[in-house]
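Working notes for the structure below.
Numbering of ligands and ligand atoms starts at 1, following listing order.
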Amino acid sequence: MRNGILFVEFLTLLHTFAANILEGIQMKYPPEPFKIKTVEHIARTTDAERQQYIKNAGYNVFSIPAEKIYIDLLTDSGTSAMSDKQWAGMMNGDESYAGSRNYFHFEATIKKIFGFKHIIPTHQGRVAENLLFSTIIKPGYVIPNNNHFDTTRANIEYNGGIAKDLVNDAAKDTNLILPFKGNIDIQKLESLIQTVGPENVPIGMITITNNSGGGQPVSMENIRATSKMLHKYDIPFFIDACRFAENAWFIKQREGGYAEKPILEIAQEMFSYADGCTMSAKKDGLVNMGGFMALNDDELAQKVTNRLILIEGFPTYGGLSGRDLEAISIGLNEVLDETYLAYRVGQVEQLGEKLAAAGVPFLKPTGGHAVYLDAKNFLPHIPQSEFPGIALTVELYTHAGIRAVEIGSLMFAQKDIKTGETIFPDLELVRLAIPRRVYTNSQMDFVAENIIEIFERRNDIKGFEIVKEAPVLRHFTAELKPLA
Ligand code: F0G
């Protein structure tokens, strides 16, 4: 009998051992679920060349020609690699002015995933925002969101509205690890509605994932609660859907009851609580250009369509070619693939894990599309007035040819109108946005290694001052110089 038990124990051990080996083979982070059919040459520049290019650019990485960059992590928007099927789809472009067959594919795909009645194509996300807000906003109207993306905020403010960020307080702590740091604060939402009056809130929004808050996901529970709260006051609910598939993947991984559900069903459920959405297809549409707005309200759809014809084009192309519409409809289906999403979100997480092991400070946990370095803690000796985020972007470029974007004082510091004093943002971040299906894991290792090298000699890095700046959106064109 004892022998029998031993044998069972032995078998169990053997089984565990085999499972461990298998797990080893499966790897913690899945490898690329594609092979490369076409390659694009990228330049390796010398240290001396990069010093010259960054100086010529006024120490602003937006002004460096892209051909002088080795790994470009400026944005994940419009930078995806399309699949062979998407390229084949482009050859099926029907460039008829009205009623192109590609529009019907586009419409059917969006109806399947998003479930809305009216589908309005636009050439990118901000045009959908422009159409929506120029139609629904009157001066003084308030639009709540977890965090508005810059273009969303700008389109609201340009039309006389007020954009309110109501993300939960935990999101501001860069070290706090929580599953859904993109969630909106439901109490804050209700108190805002009561303070300004529901008649002054034409819609409420949620951005999935929350780009301005570190690419953090929003839970299904929070989407449901937001919908319920807005609908209690008869306020329509819109979703900024740019990274909806990445958000659905996080729900599947992190929220009880979703582990066995296909991504398509999770996406369908997210949008079932909403009355409409705006979407930049340049993210989870896996294309280089495109977007749309989708909604159920017939009257609003009619008004938006009339405006669309004025500024973008006929309702079956909205500023896009037939071939673009086809690539989007194929991309929206491809992005639902779980093997892809596991690799995609895993690639971002893996970069974070390597940086964390070396003690590099970044916003935790990693988001769906980017790692946000915490420049304040990376370079604590550089005060906010000397742009630590810019110092880090300059160093990433000069050290290794990597381009990232500062999301800190150059982008967001404001002058107090009364005192003239500078108000600095809470966080100084440097976003490493990872284009979809573009860089291999070994290129990501290169990024991690070089950031760690910079971190090891961080005390030598100096701050910057502005030489020239535009009155608005200065970060795009500002020129700076290093402080002695
Ligand atoms: N909403 C979100 C959440 C975004 O991230 C973006 C673009 C837009 C709307 C606007 O879409 O560019 O197609 O007009 N984000 C890019 C970025 C630019 O780098 O994060 P668009």
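For ligand 1, the polar-atom distance check finds no N/O of Thr152 at less than 3.5 Å from any of the ligand's N/O atoms. Checked by distance only, ligand 1 and Thr151 stay at 3.5 Å or farther apart across all their nitrogen or oxygen atoms.
Ligand-side atoms of ligand 1 in range of Lys282: 13 (O), range being under 4.0 angstrom from any heavy atom. For ligand 1, the atoms sitting less than 4.0 Å from at least one non-hydrogen atom of Ser77 are 16 (C), numbered in the order shown with element in parentheses. Proximity to Cys242 (heavy-atom distance under 4.0 Å) selects the following atoms of ligand 1: 1 (N), 2 (C), 3 (C), 4 (C), 9 (C).
Residues satisfying the side-chain hydrogen bond (donor to acceptor under 3.5 Å, both in side chains) criterion with Gln187, sequence neighbours excluded, are absent altogether.
Remark: the Glu406 side chain and the His475 side chain contain no N/O donor-acceptor pair separated by less than 3.5 Å. Between the side chains of Asp324 and His123, no donor N or O sits under 3.5 Å from an acceptor N or O. A side-chain donor from one of Glu190 and Tyr233 sits under 3.5 Å from a side-chain acceptor of the other. Arg243 and Thr209 are not linked by any side-chain donor-acceptor pair at a separation below 3.5 angstrom, with hydrogens and angles left out of the test.
Nearest protein neighbour of atom 6 (C) of ligand 1, counting heavy atoms only, is Lys283 NZ, 3.1 Å. The protein heavy atom nearest to atom 1 (N) of ligand 1 is Asp240 OD2, 2.7 Å. In this structure, atom 14 (O) of ligand 1 lies nearest to the protein heavy atom Arg126 NE, 2.7 Å.
Ring centroid separation for the pair Tyr273 and Phe237 does not come in under the 6.0 Å cut-off.
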